[in-house]
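Any value given below was found using the heavy atoms of this structure, including those in side chains, with hydrogens, waters and symmetry copies removed. Here the structure is a predicted model, which is why all the values come from computation and not from measurement.
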Amino acid sequence: MINYSYANMFLGGAGYIISMYFTIFLTDVVNISLKQAGIVVMFATVWDAVTDPVMGIITDRTRSRYGKHRRYLLFGIPFLLISYSLLWNSFGIDGTVNPKAAMLYYIPVYMLYKTAFTIISVPHTAMLPELAPEYDLRTQYNSVGYLFNSAGMVPSFGLAVLILAVFGSNGTLTSASRTPFFIIGITLAVFYSAAVFLTFKTTRESSSLGFRPEKLDIKYLIREYILVFKNKSFRQYFFMSVAYQFATGFYANSKVYYIKYLANQYNKYAIFNAVAGVAEAAAFPLNYELTIKYGKKKCGSIVTPLMVAGLAIGIFMQPDKGGAMSFFWIALMMLSMILYPFGMSGLGFVSNNIFPDITDVDELITGRRREGVISTFKTLIQKSVSGVMAAMVGFTLEEFGLVTGDRVAEYESATGGLFTQSASALWGVRICVAIIPIAAALISLILLKNFRMTKADHEMLRAAIAVKHKYGSVTLTDEQIKRCEVISGQKFEKTWLGTGNVSQEEHTLEMNDNGEYLILTENTAEV
């Protein structure tokens with residue numbers, strides 16, 4: 001579990017720093033407009049969405065004695081080193097002088113980084129169902145991975161804050177902050193690359209040399225992705241996770257403007273993010289215990305209302321102008337930084353734990369392991385939505401009149417006073433950081449309640465698939481057939497599990513004395 005999870009330090013840490021700093025780096029350091037920053041993120045994210053399915057098909061069709069997925073982690077490291085370093089350095093291109101050139105530089109650079117992320121993340125995600133076939137074991141793997149996400153986020157954040165302080169950001173971000181960000185990029189690129197290399201070096205996969213892929217053509221590709229969406233459990237999971245992404249995405253893309261301009265508390269930005277990180281990590285034991293004791297949906301149902309409460313604070317937040325009310329606004333922001341990440345972690349934990357089980361439902365339907373295709377079909381749509389969403393945040397904030405970049409610093413330097421955003425601009429921030437995320441979080445919570453697969457369903461399903469693979473046929477009870485139809489959304493006789501039986505003998509599912517299904521292998525059976 002630890003070996004597999006080293007790469008999570010990159011997968012969690014790199015995205016965390018980007019969500020914290022990249023948009024405001026573009027608007028306040030590079031000095032391009034909010035709309036242009038949104039366009040940069042949109043192009044890169046849509047590109048990421050397009051490359052994910054390609055990578056999924058590549059991994060699913062890979063024949064290697066090292067397995068389908070592991071070697072791609074090594075291939076992605078050079079792309080990661082180069083792209084993450086370039087991401088934080090514009091080589092002197094100033095958005096104030098030539099905003100179009102700055103935008104055109106960052107579009108391909110961010111696309112290169114997204115390519116590196118895809119080369120590493122898709123195979124890493126697709127490895128999990130093979131490494132951890134059991135229902136609860138997958139929760140344990142994801143839990144360790146969750147801790148390693150924090151192990152990537154905390155030092156990344158600490159290094160970023162330290163470098164900004166040592167090399168001079170003076171508590172705010174302006175065009176003079178270019179050097180510390182370039183140092184941040186190089187330092188973190190090396191750190192993340194080392195984490196990915198550790199996973200490559202220490203994990204092991206079964207050989208895939210015996211695998212014979214079908215001929216690759218357009219009809220094959222279309223059929224593969226149509227099959228994915230025929231899976232009812234996937235559809236339920238997919239729409240739930242898209243709504244969750246809307247909630248977290250709108251919040252992440254506007255959070256820094258929330259703290260800097262709506263709350264006027266940017267001098268405490270590092271403190272707020274540290275508190276948020278601790279709050280999210282503190283939710284882990286509760287999420288884990290609820291999942292193990294009550295199933296994979298429970299933690300989402302219980303803690304998500306806290307996420308909504310944390311978001312709602314953004315509706316009522318006002319700029320801190322000092323004086324007697326200052327303590328109140330700081331305390332309210334601190335409460336928001338605790339409630340939102342604590343509550344958000346519940347749906348995130350559910351999403352990560354449910355996903356590997358979707359591949360088993362797909363195998364019920366198709367008879368094949370298609371982790372790469374399933375994961376990348378999900379991300380194709382999600383990341384396309386995310387790219388458009390990032391642009392929507394930028395366009396919304398600019399249309400509502402939010403002023404960013406050196407224009408704010410120049411005003412404050414010339415007048416000695418605080419730059420005051422318009423009431424319209426502040427409502428633009430509230431819409432992006434609170435109102436839209438609240439609506440999306442509630443939709444995701446409603447959709448979560450409709451997800452039907454349970455732990456008992458999954459254990460039965462794995463046992464049935466194992467019997468079918470071993471004997472060529474499987475005999476299920478009426479109740480077992482009904483559960484297969486509920487979680488797959490298909491008539492049993494139209495699925496791989498219910499068709500093509502080559503044996504006249506009955507091969508029922510075996511259980512031990514504790515009522516647990518036995519998973520048949522070539523020579524024996526195990527719980």
*Can we say Lys296 and Asp357 salt-bridge, meaning some charged N sits less than 4.0 Å from an Asp/Glu carboxylate O?*
yes
*If we ignore angles and hydrogens, is there a donor and acceptor under 3.5 Å between the side chains of Thr118 and Asp48?*
yes
*What do the steps show when you test Thr115 against Ser83 for side chain to side chain contact (heavy atoms under 4.5 Å, CB included), and what is the final call?*
CA-CA 9 Å; Thr115 302; Ser83 63; over 6 Å; no
*Are Asn352 and Asn142 close enough that a side-chain donor and a side-chain acceptor fall under 3.5 Å?*
no
*asked:* For the backbone of Gly56 and the side chain of Thr59, can you confirm whether one donor and one acceptor N or O come within less than 3.5 Å of each other?
replied: yes
_Any donor-acceptor pair under 3.5 Å linking the side-chain atoms of Ser351 with those of Tyr237?_
yes
*Could you tell me whether Arg204 atom CZ has more than 12 heavy atoms of other residues or ligands within 6.0 Å of it?*
yes
*Is there side-chain contact between Tyr6 and Phe197, with heavy atoms separated by less than 4.5 Å?*
no
*List the atom of Ile487, the atom of Val361, and the distance in Å for their closest heavy-atom pair.*
O-CG1, 3.6 Å
*side chain to side chain contact (heavy atoms under 4.5 Å, CB included) between Met453 and Val486: does it pass, once the steps are laid out?*
CA-CA 8 Å; Met453 184 163 57; Val486 167; over 6 Å; no
*asked:* Angle between ring planes, Phe234 versus Phe238, binned at 30° and 60°: parallel, tilted or perpendicular?
replied: parallel
*Can any side-chain N or O of Arg138 pair as donor or acceptor with the backbone N or O of Pro356 at less than 3.5 Å?*
yes
*asked:* So which atom in Ile465 and which in Leu364 form the shortest heavy-atom distance, rounded to 0.1 Å?
replied: CD1-N, 4.0 Å
*Locate the shortest heavy-atom distance separating Leu11 from Asn149; write the atom from each residue and the value.*
C-OD1, 4.4 Å
*Within a strict 4.5 Å, meaning less than it, do heavy atoms of the Ser301 and Lys449 side chains meet?*
yes
_Any Phe451 side-chain heavy atom under 4.5 Å of Met240 side chain_ = no
*Name the orientation class of the two ring planes belonging to Tyr471 and His507 (parallel below 30°, tilted from 30 to 60°, perpendicular beyond 60°).*
parallel
*Do Tyr517 and Glu510 have side-chain heavy atoms sitting under 4.5 Å apart?*
no
*Heavy atoms from other residues, nucleotides or ligands near CZ of Phe157 exceed 12 (cutoff 6.0 Å)*: yes
_Atom pair CD1 (Ile365) and CZ (Arg370), whose distance is rounded to the nearest 0.5 Å_ = 8.5 Å
*Main-chain N/O of Ser233 paired with Asn231 side-chain donor or acceptor, under 3.5 Å*: yes
*Phe117 versus Leu80: any side-chain heavy-atom pair under 4.5 Å?*
no
*Could you check Phe148, Tyr146, Tyr141 and say which one makes a side-chain contact (heavy atoms from CB on, under 4.5 Å) with Val144?*
Phe148
*Compute the centroid of each ring, for Trp47 and then for Tyr110, and state whether the two points are separated by less than 6.0 Å.*
no
*Could you pull out the closest heavy-atom pair between Cys299 and Thr291, with the gap in Å?*
SG-OG1, 3.8 Å
*Assess whether atom CD1 of Ile2 is packed by more than 12 heavy atoms of other residues, nucleotides or ligands within 6.0 Å.*
no
_Salt-bridge present (Glu363, Arg369; N to O < 4.0 Å)_ = yes
*Of all residues at least two apart in sequence or in a different chain, which pass the side chain to side chain contact (heavy atoms under 4.5 Å, CB included) check with Leu306?*
Leu339, Phe342
*Within a reach of under 6.0 Å around CZ of Phe229, are more than 12 heavy atoms found that belong to other residues, nucleotides or ligands?*
yes
*asked:* Can a donor-acceptor pair be found, under 3.5 Å and without considering hydrogens, that links the side chain of Glu459 to the backbone of Ala456?
replied: no
*Count the heavy atoms belonging to other residues, nucleotides or ligands that lie under 6.0 Å from CG of Asp478, then report whether that count exceeds 12.*
no
*With a 4.0 Å cut-off, would you call Arg462 and Asp457 a salt bridge?*
no
*Please determine if Arg71 forms a cation-pi arrangement with Phe200, meaning its NZ or CZ atom is less than 6.0 Å from the six-membered ring centre and no more than 45° off the ring axis.*
no
*Any side-chain heavy atom of Tyr106 sitting closer than 4.5 Å to one from Gln36?*
no
*asked:* Please determine whether a side-chain nitrogen of the Lys or Arg among Lys230 and Asp362 lies less than 4.0 Å from a carboxylate oxygen of the Asp or Glu.
replied: no
*Should Thr366 and Trp496 be marked as a side chain to side chain contact (heavy atoms under 4.5 Å, CB included) after you check the CA-CA gap, both sets of side-chain angles, and the distance that decides it?*
CA-CA 5 Å; Thr366 68; Trp496 166 80; 5.7 Å; no
*asked:* With side chain to side chain donor-acceptor pair (under 3.5 Å) as the test, pick out the partner of Glu205 among Arg65, Lys68, His69.
replied: His69
*Once the angle between the rings of Tyr84 and Tyr192 is folded into 0 to 90°, is it parallel (under 30°), tilted (30 to 60°) or perpendicular (over 60°)?*
perpendicular
*asked:* Angle between ring planes, Phe75 versus Tyr72, binned at 30° and 60°: parallel, tilted or perpendicular?
replied: perpendicular
*For the residue pair Lys298 and Asn287, confirm or rule out a side-chain donor-acceptor distance under 3.5 Å.*
no
*Would Leu290 and Phe349 count as a side chain to side chain contact (heavy atoms under 4.5 Å, CB included) if you check the C-alpha gap in whole Å, the side-chain angles of each, and the deciding distance to 0.1 Å?*
CA-CA 11 Å; Leu290 288 172; Phe349 204 71; over 6 Å; no
*Looking only at heavy atoms, which two atoms of Asp360 and His458 are closest? And how far apart?*
OD2-NE2, 2.8 Å
*asked:* If you define the side chain from C-beta out and look only at heavy atoms, does anything of Glu485 sit under 4.5 Å from Lys491?
replied: yes
*Within a strict 4.5 Å, meaning less than it, do heavy atoms of the Ile119 and Lys114 side chains meet?*
no
*Is there a donor-acceptor contact under 3.5 Å from the side chain of Thr495 to the main chain of Phe492?*
yes
*asked:* Keeping Thr23 on the side-chain end and Ser19 on the backbone end, is there a donor-acceptor pair under 3.5 Å?
replied: no
_Closest non-hydrogen atom pair, Phe191 against Gly152_ = CE2-O, 4.1 Å
*Flag yes if more than 12 heavy atoms outside Tyr16 fall under 6.0 Å of its OH atom; otherwise flag no.*
yes
*Show your working on side-chain hydrogen bond (donor to acceptor under 3.5 Å, both in side chains) between Thr199 and Asn3 and close with a plain yes or no.*
CA-CA 5 Å; Thr199 290; Asn3 291 341; over 6 Å; no
